[in-house]
Amino acid sequence: LNGLMDDALNHKFSGSGTVAFGNGSIKKAYPEWWGAVGDGVTDNSAAFVKMLATNPKHIYCSPGTYLGTLAITNPIKLKGAGKGVCTLKNNSVSTALMTLSGSAHFCSVSGFILDNNNVPANTLRLTSVTYCDIKQLVIKNHGNETTSGKFGISLGSSTVSSFSDIDFYDITKNYGGHLYVDTSYYSNFRKITAGMGCVGANDYPIELDTAEGVNFHGLSCDPGTKGV
């Protein structure tokens with residue numbers, strides 16, 4: 001598509017093909033173009049897959065609750081309408097709500113409530129990516145009753161990224177933590193508020209494992225039962 005696209009939030013694309021946007025044809029893409037609905041009921045996973053397959057540079061989510069999971073493998077700017085009005089909610093059995101991996105360097109994610117719906121999986125997982133900017137998020141329901149070692153934000157071999165203005169709600173389940181950093185270096189965390197850790201003392205609220213050069217500025221954390 002080489003012509004200018006309008007910003008109307010209607011279902012524009014369907015079928016099995018892939019959309020290719022010409023240079024300058026859009027300023028941002030919307031999940032609704034692929035059939036997503038932010039009504040808190042519709043499963044948007046298939047729409048998210050089709051949307052991400054087009055590799056748009058900027059995706060904007062309007063106020064609402066979008067059910068589904070996102071596997072991001074290319075650099076994009078994913079922006080919600082605000083961490084009080086736009087929710088991404090996990091509706092899977094055991095899949096992370098959002099993953100950044102592959103070539104997803106220089107990604108930006110902001111302006112969301114990330115609701116993991118107490119699924120036994122990480123809420124936001126970064127794997128082998130660099131220079132990402134994660135900010136203005138609320139992360140909630142990231143505890144579970146069956147599986148240890150699952151966190152609100154989990155970094156694995158991911159370096160030189162920025163995390164700021166992130167609020168983790170209390171974990172009211174027996175398993176789960178807020179933040180895990182593993183073999184990840186030189187990232188900065190600013191204005192991080194972490195509620196109580198899991199009530200069962202099975203996971204640390206914040207856990208650092210081989211995390212050289214990781215900096216915290218303005219951290220507020222309730223250590224809960226197990227401590228930090």
Side-chain angles (χ1 to χ4, degrees), residues 28 31 36 38 40 44 48 52 58-72 75-92 95-101 104-119 121-127 129-144 150-156 158 160-172 176-181 184 187-198 205-208 214-222:
K28 63 185 73 172
N44 297 302
F48 289 160
L52 293 172
H58 184 182
I59 297 170
Y60 181 81
C61 293
S62 301
T65 297
Y66 295 82
L67 298 184
T69 59
L70 296 97
I72 298 169
I76 63 169
K77 180 179 181 180
L78 177 62
K79 183 175 177 60
K83 65 178 186 178
V85 297
C86 185
T87 299
L88 298 177
K89 186 173 183 178
N90 199 336
N91 66 340
S92 73
T95 300
L97 173 59
M98 184 186 303
T99 58
L100 276 61
S101 62
H105 310 290
F106 299 95
C107 275
S108 172
V109 179
S110 66
F112 291 101
I113 297 170
L114 300 184
D115 183 349
N116 209 43
N117 202 21
N118 299 128
V119 171
N122 295 305
T123 306
L124 173 59
R125 170 68 176 175
L126 287 73
T127 304
V129 293
T130 58
Y131 298 104
C132 292
D133 184 19
I134 313 298
K135 60 188 178 184
Q136 298 167 2
L137 300 177
V138 167
I139 297 179
K140 67 178 188 177
N141 294 327
H142 48 294
N144 71 90
K150 304 302 179 183
F151 290 82
I153 294 179
S154 176
L155 280 70
S158 296
V160 198
S161 291
S162 174
F163 302 81
S164 62
D165 191 11
I166 299 174
D167 300 324
F168 295 90
Y169 279 24
D170 290 350
I171 297 175
T172 59
H178 299 306
L179 174 65
Y180 179 61
V181 182
S184 299
S187 288
N188 292 305
F189 296 84
R190 293 181 173 87
K191 292 181 64 179
I192 307 298
T193 302
M196 187 181 71
C198 63
I206 296 177
E207 185 172 345
L208 308 180
V214 171
N215 296 302
F216 287 89
H217 305 273
L219 169 66
S220 175
C221 179
D222 182 340

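By convention here, the first residue in the shown sequence is residue 1.
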**Message:** By the definition side chain to side chain donor-acceptor pair (under 3.5 Å), identify the one residue from Q136, K83, K135, R190 that meets it with D165.
**Reply:** K83
**Request:** Report yes if some heavy atom in the side chain of F189 is under 4.5 Å from a heavy atom in the side chain of V214; otherwise report no.
**Result:** yes
**Request:** Please examine the side chains of L100 and M98, heavy atoms only from C-beta on, and report whether any two atoms are closer than 4.5 Å.
**Result:** yes
**Heavy-atom side-chain proximity of F216 to L208 below 4.5 angstrom** = yes
**Prompt:** Any donor and acceptor pair, going by atom type alone, linking the side chain of H178 with main-chain N or O of G195 inside 3.5 Å?
**Reply:** yes
**Item:** Heavy-atom pair with the smallest gap, counting every atom of A81 and C86
**Value:** N-CB, 3.6 Å
**Asked** Ignoring hydrogens and geometry, is there a side-chain-to-backbone donor-acceptor pair from N118 to G143 under 3.5 Å?
**Response** yes
**Prompt:** Do E207 and Y180 come close enough that some side-chain heavy atom pair is under 4.5 Å?
**Reply:** yes
**Prompt:** Is there side-chain contact between L155 and F163, with heavy atoms separated by less than 4.5 Å?
**Reply:** yes
**Request:** Rounded to the nearest 0.5 Å, what's the gap from CD1 on I192 to OG on S164? Could you check?
**Result:** 7.0 Å
**Request:** Would you please name every residue forming a side chain to side chain donor-acceptor pair (under 3.5 Å) with T127, sequence neighbours left out?
**Result:** R125
**Message:** Could you check whether any side-chain N or O of N44 sits under 3.5 Å from a backbone N or O of L67, counting only pairs where one atom can act as donor and the other as acceptor?
**Reply:** yes
**Request:** Verify side chain to side chain donor-acceptor pair (under 3.5 Å) between N117 and N90, making sure each step is shown before the conclusion.
**Result:** CA-CA 6 Å; N117 202 21; N90 199 336; over 6 Å; no
**Request:** Hey, could you give me the OG/CG distance between S187 and N215, rounded to the nearest 0.5 Å?
**Result:** 9.0 Å
**Prompt:** From L78 CG over to I59 CD1, what is the distance, rounded to the nearest 0.5 angstrom?
**Reply:** 5.5 Å
**Asked** For S161 and C132, which heavy atoms make the closest approach, and how far apart are they?
**Response** OG-N, 2.9 Å
**Request:** Taking atom OH of Y60 as the centre, report whether more than 12 heavy atoms of other residues, nucleotides or ligands fall under 6.0 Å from it.
**Result:** yes
**Message:** Using the side chain to side chain contact (heavy atoms under 4.5 Å, CB included) definition, which of the options L114, L97, N116 pairs with I139?
**Reply:** L114
**Request:** For N141 and D115, indicate whether the former's side chain and the latter's backbone hold a donor-acceptor pair under 3.5 Å.
**Result:** no
**Asked** Do L219 and I206 have side chains that get closer than 4.5 Å, going by heavy atoms?
**Response** yes
**Item:** Beyond-backbone contact of C107 with I72, side-chain heavy atoms, under 4.5 angstrom
**Value:** yes
**Request:** Could you grab the distance from atom CG of L179 to atom CD1 of I166, nearest 0.5 Å is fine?
**Result:** 8.5 Å
**Fill in**
CG of D222 to CZ of F168, rounded to nearest 0.5 Å, is 14.0 Å
**Message:** Apply side chain to side chain contact (heavy atoms under 4.5 Å, CB included) to residues H142 and K150 and explain how you reach the verdict.
**Reply:** CA-CA 8 Å; H142 48 294; K150 304 302 179 183; over 6 Å; no
**Message:** Could you go through K140 and I113, starting from their C-alpha distance and side-chain angles, then the distance that decides it, and tell me whether this counts as side chain to side chain contact (heavy atoms under 4.5 Å, CB included)?
**Reply:** CA-CA 8 Å; K140 67 178 188 177; I113 297 170; 3.9 Å; yes
**Message:** Are T69 and F48 packed together at the side-chain level, in the sense that at least one heavy-atom pair is separated by less than 4.5 angstrom?
**Reply:** no
**Request:** Starting at CG of L124, measure out to CD1 of I153 and round the result to the nearest 0.5 Å.
**Result:** 5.5 Å
**Message:** Given 3.5 Å as the limit, does a donor-acceptor pair link the side chain of T87 with the main chain of T65, or not?
**Reply:** no
**Prompt:** Under the 3.5 angstrom rule, does the side chain of S158 hit a backbone N or O of V129 as a donor-acceptor pair?
**Reply:** yes
**Request:** Please identify each residue that fulfils side chain to side chain donor-acceptor pair (under 3.5 Å) with T172, with sequence neighbours left out.
**Result:** none
